[in-house]
Every structure is written in C-alpha cells, then in structure tokens.
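By convention here, the first residue in the shown sequence is residue 1. These numbers were taken from a predicted model, which means no experiment stands behind them.
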Amino acid sequence: MTSSAGAVIRPPQPALENRLSAVGAENRLIGAPRWLGPLASDRAIEVYASTNDVAPGGTVSVHVSTSPAASYRIVVYRLGWYGGVGARRMACLPSCSGSRRGTTEAMPSPEPTGRILAGWPNTDTVTIGRGWVSGYYLVRALLLNGPQSGRSATTYVVVNARRRDSKILIQ
C-alpha cells in the first residue's frame, strides 16, 4: 500500500515470537546433547508404552523389565531441531536424580501373527504436560547400575496437541 505522497506504508508486524508456530517456538529452545546414548543388549533393559499417541494432559503407562534386577530412570525427550542437537529433555521419572528398582519380566511367545503381548505391570506413568507441543517423544529407560550401566532401551510416543489425524515423518 502507498500513501498519496508515494511512501510505502506497511501494516504493523507482530513480534517474531507471536508469528512462530508453537512447534517452531519449541524448536528454538536449548536441546540436550547426550539424549540417546548406547543401547543395552541381551534384555538388560526393555521398555514399552501403553499407547503410541496421547494428547497434552494425558498419561502414558510405561512398562520396564531389567535383567538382572537393576536400578533405572525414565527420561522423556521431544525430538526436534533445538539448534541441531536433536532433542530436549521434558521429564524424568521418578526424578532426574532418582531411580526405581527394575525386575525381570518374562517374554511371552509370539502369537501366530508375530505380535507379542508382554502384559508386564505398569512401572511408571508419564504425564504429558498441557504445554507440550505436537511431536515425536522418545521414552528412554536408562540403566543406572550393573554391567550395562549407562545403556538404555527406548520406545516412542506421538503427542498430538490438535486431537485430529496428522501426518508425521521421522527419518
């Protein structure tokens, strides 16, 4: 738009933060450089989630087995840009300095289709924060003692803040 004097008139621009999407703003935050780490072997620690998608404010039951019995911690990360780091820590269970004692759970035989229903007891519950944005979240079960201390097992949960079908690609 131009004025009668020929000067260009631009409409007021909102601040950059107001123009960013919630996901874009989230990805500008500082990430956690050592978010993945080495994976455990030989069933030292295994983990699965009760669901693979959840809305903010919801909960996800986590099921952990350690063999032999060992201390572990759950650490939840959101995968994203974060200045190229790749993930940001969102939660720790029971806390970022605490631990739980794992037990060894049996691995059931696969069904004829190949599906395995472990049926392990719920060991932890992740509460998805109301402010968590849509995205792909890694749930890491980290061994804290024993011969594979520092190694982990992972599972994933999609948080969908819009409560509608969305397409997502993870590469």
>> Going by disulfide bond (SG atoms under 2.5 Å apart), name the pairs with one or both residues in residues 79-116, residues two or more places apart or in two chains.
In response: C92-C96

> For S149, which residues count as a side chain to side chain contact (heavy atoms under 4.5 Å, CB included) partner, sequence neighbours excluded?
Replying inline: none

> For W81, does the CH2 atom have more than 12 heavy-atom neighbours from other residues, nucleotides or ligands under 6.0 Å away?
Replying inline: no

>> Could you work out, with side-chain hydrogen bond (donor to acceptor under 3.5 Å, both in side chains) as the rule, every residue matching N145, not counting sequence neighbours?
In response: none

>> Taking V60's backbone N and O only, do any of them form a donor-acceptor pair with T125's side chain (distance below 3.5 Å, no angle check)?
In response: no

> Where is the tightest heavy-atom contact between V85 and G31, given as atom of each residue plus distance?
Replying inline: CG1-C, 4.0 Å

>> Under the salt bridge (Lys or Arg N to Asp or Glu O under 4.0 Å) definition, can you give me all pairs with a residue in residues 35-62, not counting sequence neighbours?
In response: R43-E46

>> Other members of the hydrophobic cluster containing I30, with the 4.5 Å side-chain heavy-atom rule, please.
In response: none

> Transitive ILVMFWY cluster of W120 at side-chain heavy atoms under 4.5 Å: who else is in it?
Replying inline: Y48, M107, I116

>> With side chain to side chain donor-acceptor pair (under 3.5 Å) as the rule and sequence neighbours excluded, what pairs involving residues 57-68 come up?
In response: none

> If you take all heavy atoms of P108 and A106, which pair is closest and at what distance?
Replying inline: CD-O, 3.4 Å

> Where do A44 and Q148 come nearest, in terms of heavy atoms and distance?
Replying inline: CB-NE2, 3.4 Å

> Do any pairs count as a disulfide bond (SG atoms under 2.5 Å apart) and have a residue in residues 98-136, sequence neighbours left out, and if so which ones?
Replying inline: none

> What pairs meet the salt bridge (Lys or Arg N to Asp or Glu O under 4.0 Å) rule with one or both residues in residues 104-120, with sequence neighbours excluded?
Replying inline: E111-R115

> Are side-chain heavy atoms of Y156 and L79 found at a separation under 4.5 Å?
Replying inline: yes

>> Please find the pair of heavy atoms, one from A153 and one from I45, that lie closest to each other, and give the distance.
In response: CB-O, 3.3 Å

>> Who clusters with L144? Use side-chain heavy atoms, under 4.5 angstrom, across I, L, V, M, F, W and Y, and order the result by chain and number.
In response: L142

> To the nearest 0.5 Å, what is the distance between CD1 (I74) and OG1 (T123)?
Replying inline: 6.0 Å

> Any sub-3.5 Å donor-acceptor pair from W35's side-chain atoms to V76's backbone N or O?
Replying inline: no

>> Please list all pairs meeting salt bridge (Lys or Arg N to Asp or Glu O under 4.0 Å) that have one or both residues in residues 81-100, counting only residues at least two apart or in different chains.
In response: E26-R88, R100-D124

>> If hydrophobic clusters are built from ILVMFWY residues whose side chains come within less than 4.5 Å, do L36 and Y136 share one?
In response: yes

>> Restricting to side-chain hydrogen bond (donor to acceptor under 3.5 Å, both in side chains), what partner residues turn up for R78, sequence neighbours left out?
In response: N27, Y82

>> Please find the pair of heavy atoms, one from R140 and one from S152, that lie closest to each other, and give the distance.
In response: NE-OG, 3.0 Å

> Going hydrophobic residue to hydrophobic residue with side-chain gaps under 4.5 angstrom, can you get from V23 over to V159?
Replying inline: yes

>> Is there a side-chain contact between V157 and N52 in this structure, where contact means two heavy atoms from C-beta onward sitting under 4.5 Å apart?
In response: no

> Any donor and acceptor pair, going by atom type alone, linking the side chain of R73 with main-chain N or O of G98 inside 3.5 Å?
Replying inline: yes

>> If you compare all heavy atoms of P56 against all heavy atoms of G129, which two are closest, and at what distance to 0.1 Å?
In response: CB-O, 3.4 Å

